[in-house]
Number of protein chains: 2
Amino acid sequence: MRIGELSARTDTSRRLLRYYEERGLIVSTRCANGYRDYAGNLVDRVLQIRGLLDAGLPTRLIKQILPCLDKPRVIYFPDATPEMIATLEEERDRMTERVRFLTRNRDAISEYLAAVKEYNLTGSAPPAP
Amino acid sequence: MRIGELSARTDTSRRLLRYYEERGLIVSTRCANGYRDYAGNLVDRVLQIRGLLDAGLPTRLIKQILPCLDKPRVIYFPDATPEMIATLEEERDRMTERVRFLTRNRDAISEYLAAVKEYNLTGSAPPAP
DNA sequence: TCGAACCCTCACACAGGTGTGAAGGTCCAA
DNA sequence: TTGGACCTTCACACCTGTGTGAGGGTTCGA
């Protein structure tokens, strides 16, 4: 598919798709006229990239991580240098940390929203836990 | 405490502490000589801010969210405008989404790392699940 | 009283993700 | 064959979080 379609199907600007390619996150072949040609599986890939970016990971790391998230991954085993393993372990821990933080704060927000709802319903503050 | 101590206790540069203040995320009083004076509870507050920033939330939102995370929060109920409630609900959902994404990808990384470990141990790829 | 270690404001700079627009080529349908 | 929709590259520009340094005060111990 061409860039316009991929853009529409991923709700991602053409600009960003080219940027991701420049960063090595996605690849494309070229038609005879120079237009980019994308494989169908790139839709999922782009969505995954966006999610990881939104989660705070830089493209540099996403590029490292993406191959490991592919299936089958066996073919990537030989590429697993010790440095990369270390980077991945570090990043995994950082992600765990992020999840903890996000979850905790999100729960606090939920709790607050529930309390506000209760307040608006009954006109009085809910009992302290 | 002064900025140097807060900086040391939160492992955050003075520059950033001033920036957070400029953004309205933290407050300080001023000593007679113009030095900033921080309350002790700001240590936790700053760590929380850093966590939220690292989790991908912009200062703009953190500022909105922080008051809801305080205890007791009852005093903030009157401030809960419908727009703010809506913003919070939106952000809560975005955070849930982020958690899902991070967890999924982190698990994939963990799985990959485990497979690599197995591979290095036995010299052969683990059986496909 | 001097120097070190603080603090202040201001401002320039950078990296990363993203928008926007210019200048131009391609393709298809009216 | 012309117009519009699509594509190309290139470049400037923005915002946000952050570093760094200049120029200048304050505090305190040697």
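Only heavy atoms go into these numbers, but all of them, side chains included; no hydrogens, no water, no symmetry mates. All of these numbers come straight from a predicted model, not from anything done at the bench. Just so it is clear: chains get the letters A, B, ... in the order the sequence lines come, proteins before strands, and each one is counted from 1.
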Heavy-atom donor-acceptor pair, Tyr35(A) side-chain to dG25(C) base, under 3.5 Å: yes

Does the dG19(C) base have a donor-acceptor partner in the side chain of Tyr19(A) within less than 3.5 Å? no

Looking at Arg50(A), is its backbone amide N or carbonyl O close enough to the side chain of Asp54(A) to form a donor-acceptor pair, meaning the two atoms are under 3.5 Å apart? no

Has the side chain of Thr103(B) got a donor or acceptor atom that lies under 3.5 Å from a matching backbone atom of Phe101(B)? no

Compare side-chain N and O positions of [X] against OP1 and OP2 of [N] and report whether any pair is under 4.0 Å apart.
X: Ser13(B); N: dT18(D); answer: no
X: Arg30(B); N: dT26(D); answer: no
X: Asn33(A); N: dC27(C); answer: yes
X: Thr59(B); N: dG17(D); answer: yes
X: Arg36(B); N: dC8(C); answer: yes

About how many Å separate CE of Met95(A) and CG of Asp107(B), when rounded to the nearest 0.5 Å? 9.0 Å

Side chain of Arg15(A) (C-beta onward), nearest among dC12(C), dC7(D), dT20(C): dT20(C)

Which nucleotide, dG19(C), dT18(D), dT8(D), lies nearest any side-chain atom of Ile3(A)? dT8(D)

Side-chain heavy-atom pair Arg36(B), Arg2(B) within 4.5 angstrom cut-off: no

Heavy-atom side-chain proximity of Val46(B) to Tyr38(B) below 4.5 angstrom: no

Round to a whole Å and report the spacing from [atom1] of [X] to [atom2] of [N].
X: Arg23(A); N: dG16(C); atom1: CZ; atom2: C1'; answer: 7 Å
X: Ile49(B); N: dT16(D); atom1: CD1; atom2: C1'; answer: 15 Å
X: Arg18(A); N: dC6(D); atom1: CZ; atom2: P; answer: 13 Å
X: Glu21(A); N: dT18(C); atom1: CD; atom2: P; answer: 16 Å
X: Glu5(B); N: dA5(C); atom1: CD; atom2: P; answer: 18 Å
X: Glu22(B); N: dG17(D); atom1: CD; atom2: P; answer: 10 Å
X: Leu25(A); N: dT18(C); atom1: CG; atom2: P; answer: 11 Å
X: Leu17(B); N: dT18(D); atom1: CG; atom2: C1'; answer: 12 Å

Ranking Leu53(A) and Arg14(B) by the position along DNA chain C of their nearest nucleotide, the one closer to 5' is Arg14(B)

Classify the nucleic acid contact of Arg2(A) as base, sugar-phosphate or nothing, counting any heavy atom under 4.0 Å across all strands shown. sugar-phosphate

Base, sugar-phosphate, or nothing for Arg60(B), non-hydrogen atoms under 4.0 angstrom? nothing

Which residue lies toward the 5' end of DNA chain D, Arg50(B) or Gly4(A), if each is placed at its nearest nucleotide? Gly4(A)

Hydrophobic clustering (ILVMFWY, side-chain heavy atoms < 4.5 Å, transitive) - are Tyr19(B) and Leu61(B) grouped together? no

